[in-house]
Every structure is written in C-alpha cells, then in structure tokens.
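First the structure, in the form of structure tokens, and then the observations on it.
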Amino acid sequence: VTVESAHLVGRGTDVTIAGKASTEAASALDLRLNGRVDLGLLQVVYPGLTSSGSLAITATVRGAIDAPQAGGRMEIHEASLSLSGFPNGLAHANGVLLFAGNRATIQSLSGETGGGKLDITGFAGVAGGQTVFQLHANAKQVRVRYPAGVSTVVDASLNLTGSSERSMLAGTVTVLRTGFNPQADFSSVLASSAGPVQTPSAS
C-alpha cells in the first residue's frame, strides 16, 4: 500500500500521512506523520476521562510490522486530564517527547496537580517483548484529598523503574500539612491507616 497523501481534519485536529506499508518485506513500514491532534478525542475512547489540549507530532515509522522503529518528536500543549473517581487530575501540562527506535524519552513534561507543580522526566521502551521504563517525578506543594474528609499537602521525589512484569516505586514524600473536615469520622480514618498494607499474592 502506498499512501501518496492522506489528510485528516477535525476539531482541533489536522494530520497528514504519507509513505508505504507492505506485509512481506523486512522493511515493511516507511510512513511519515505530521500534524496536530486534539486530546479531547481521548474522551470518546475512554469513558470517565475528561481531557483537553493538543499534541503536535512530527514522526516517522520504519521497519518490520512486528518491530516498528519510530523517530521524531511530540509536543504537548496545555494538556488537561482527569479521571472520574481519582482524587487528582493534571492541568496545564506542557512538554516534549522524543522518539528513537523502540524508545520514547520525556525531554521535559511539567504541569499542575492539586494546586501544586509536577515535573516528570525519564523514558519508556520495548525490550524482550515487554515494556520497560524509568521515570522520575518531582511534586511541589501538591494537595491530595484522600481519603474522604482529609486534605494533605506534600512535596515528593519519586522514581518508578522496571517493566510491565515487575517494577518498583521508591523515593521520598514529605507531608507539609494535613487538614481534617470536622464532619469526618477521624477515628475511622486512623483505624483504616493502622491496618497492614495489603499486597497481591503471588500467582
């Protein structure tokens, strides 16, 4: 299949695609993608998710279908994401992701959550048939309203490393202040926090 020119236009979206795709050759893919995508489209795919903002993409995809190699960059502009039932969302997110082979590197990604600042760096890729990643997050003055009736403001420096099969979260969370709603059942909050941490049993 040869795509001489494909032009997709929608609300906040304008994307062009060109190149070739084959089902036989080792270099089956040679596609070029360029344009802007409205993040509001995620709401159609994932119910319960509220999203806005845009992505500017300039990328190439080459190689075999079962092991494509990507190159290029993606810019995130004023992205906002919130998931129903989750205490914190992400707002005013801006950043740059770089693609090279089977790896995506977060050159910069910053935004706001819980009235504070959040910065994320790191990378994610594919190795040995599974997703591997190394991510670092810095949070400043972030408010978390959880559990019900409790509001906590924290600073945090966290590292998430590993793979889709096994990973580890490590770092430091500094509690700056905590507030309780006078109508909250403080005794039940303490009782639930005193219990042991539940971990999934090994399969």
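Below, all heavy atoms of this structure are taken into account, side chains as well, without hydrogens, waters or symmetry copies. This one's a predicted model, so the numbers in the text were calculated from it and none came from an experiment.
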Is it possible for you to say whether V45 and L90 belong to one hydrophobic cluster, with membership spreading through side-chain heavy-atom contacts below 4.5 Å?
yes
Shared ILVMFWY cluster between L97 and L135, side chains joined below 4.5 angstrom?
yes
Calculate, to the nearest 0.5 Å, the distance between atoms CZ and CZ belonging to R143 and R177 respectively.
5.5 Å
On a heavy-atom basis, the closest approach of L29 and P68 is CD1-CB, 4.1 Å
Between A93 and I76, the two heavy atoms sitting closest are O-CG2, 3.7 Å
Carboxylate-amine/guanidinium contact D30 R62, below 4.0 Å
yes
In Å and rounded to the nearest 0.5 Å, what is the NZ to CG distance from K140 to D155?
4.5 Å
Check the side chains of T58 and N34 for a donor-acceptor pair under 3.5 angstrom, ignoring hydrogens and angles.
yes
To the nearest 0.5 Å, atom CD of Q43 lies from atom CG of D38 at 8.5 Å
With a 4.5 Å limit on heavy-atom distance, are the side chains of V144 and N88 in contact?
yes
Which ILVMFWY residues are connected to L98, directly or by a chain of links, through side-chain heavy atoms under 4.5 Å apart?
V96
Atom CG in L118, atom CG in N138: separation rounded to 0.5 Å?
8.5 Å
Strictly by side chain to side chain donor-acceptor pair (under 3.5 Å), give each pair with a member in residues 122-135 just once, sequence neighbours left out.
Q130-S163
Validation row: V173, L158 side chains within 4.5 angstrom (heavy atoms)
yes
Do F133 and T161 have side chains that get closer than 4.5 Å, going by heavy atoms?
no
Evaluate side chain to side chain contact (heavy atoms under 4.5 Å, CB included) for V15 paired with V37, printing each intermediate quantity in order.
CA-CA 7 Å; V15 178; V37 178; 3.8 Å; yes
Would you mind reporting whether L169 and N159 have side-chain heavy atoms less than 4.5 Å apart?
no
If you look only at distance, which donor and acceptor atoms sit under 3.5 Å apart when one is on a side chain in residues 46-57 and the other is two or more places apart or in another chain?
residue : atom : partner : partner atom : Å
S51     : OG   : L39     : O            : 2.7
S54     : OG   : R36     : NH2          : 3.0

Side-chain donor-acceptor pairs under 3.5 Å in residues 77-84, sequence neighbours left out?
residue : atom : partner : partner atom : Å
H77     : NE2  : E75     : OE1          : 3.2
E78     : OE1  : H92     : ND1          : 2.8
E78     : OE2  : N94     : ND2          : 3.2

Smallest separation among heavy atoms of A137 and I120, with atom names
CB-CG1, 4.2 Å
Please check this pair: side chain of T113 against backbone of G89, looking for a donor-acceptor N/O pair closer than 3.5 Å.
yes
With rounding to the nearest 0.5 angstrom, report the OG1 to CZ distance, T152 to R145.
10.0 Å
Which hydrophobic side chains are connected to L176, either touching it within the sub-4.5 Å cutoff or through other members that do?
V153
If the condition is salt bridge (Lys or Arg N to Asp or Glu O under 4.0 Å), which residues does D14 pass it with, not counting sequence neighbours?
none
Determine whether V154 and V150 fall in the same hydrophobic cluster, where Ile, Leu, Val, Met, Phe, Trp and Tyr are linked whenever their side-chain heavy atoms lie under 4.5 Å apart.
no
Flag the pair V126 / V132 as yes when at least one side-chain heavy-atom distance between them is below 4.5 Å, and no otherwise.
no
Closest non-hydrogen atom pair between M74 and F99, with its separation
CB-CE1, 3.7 Å
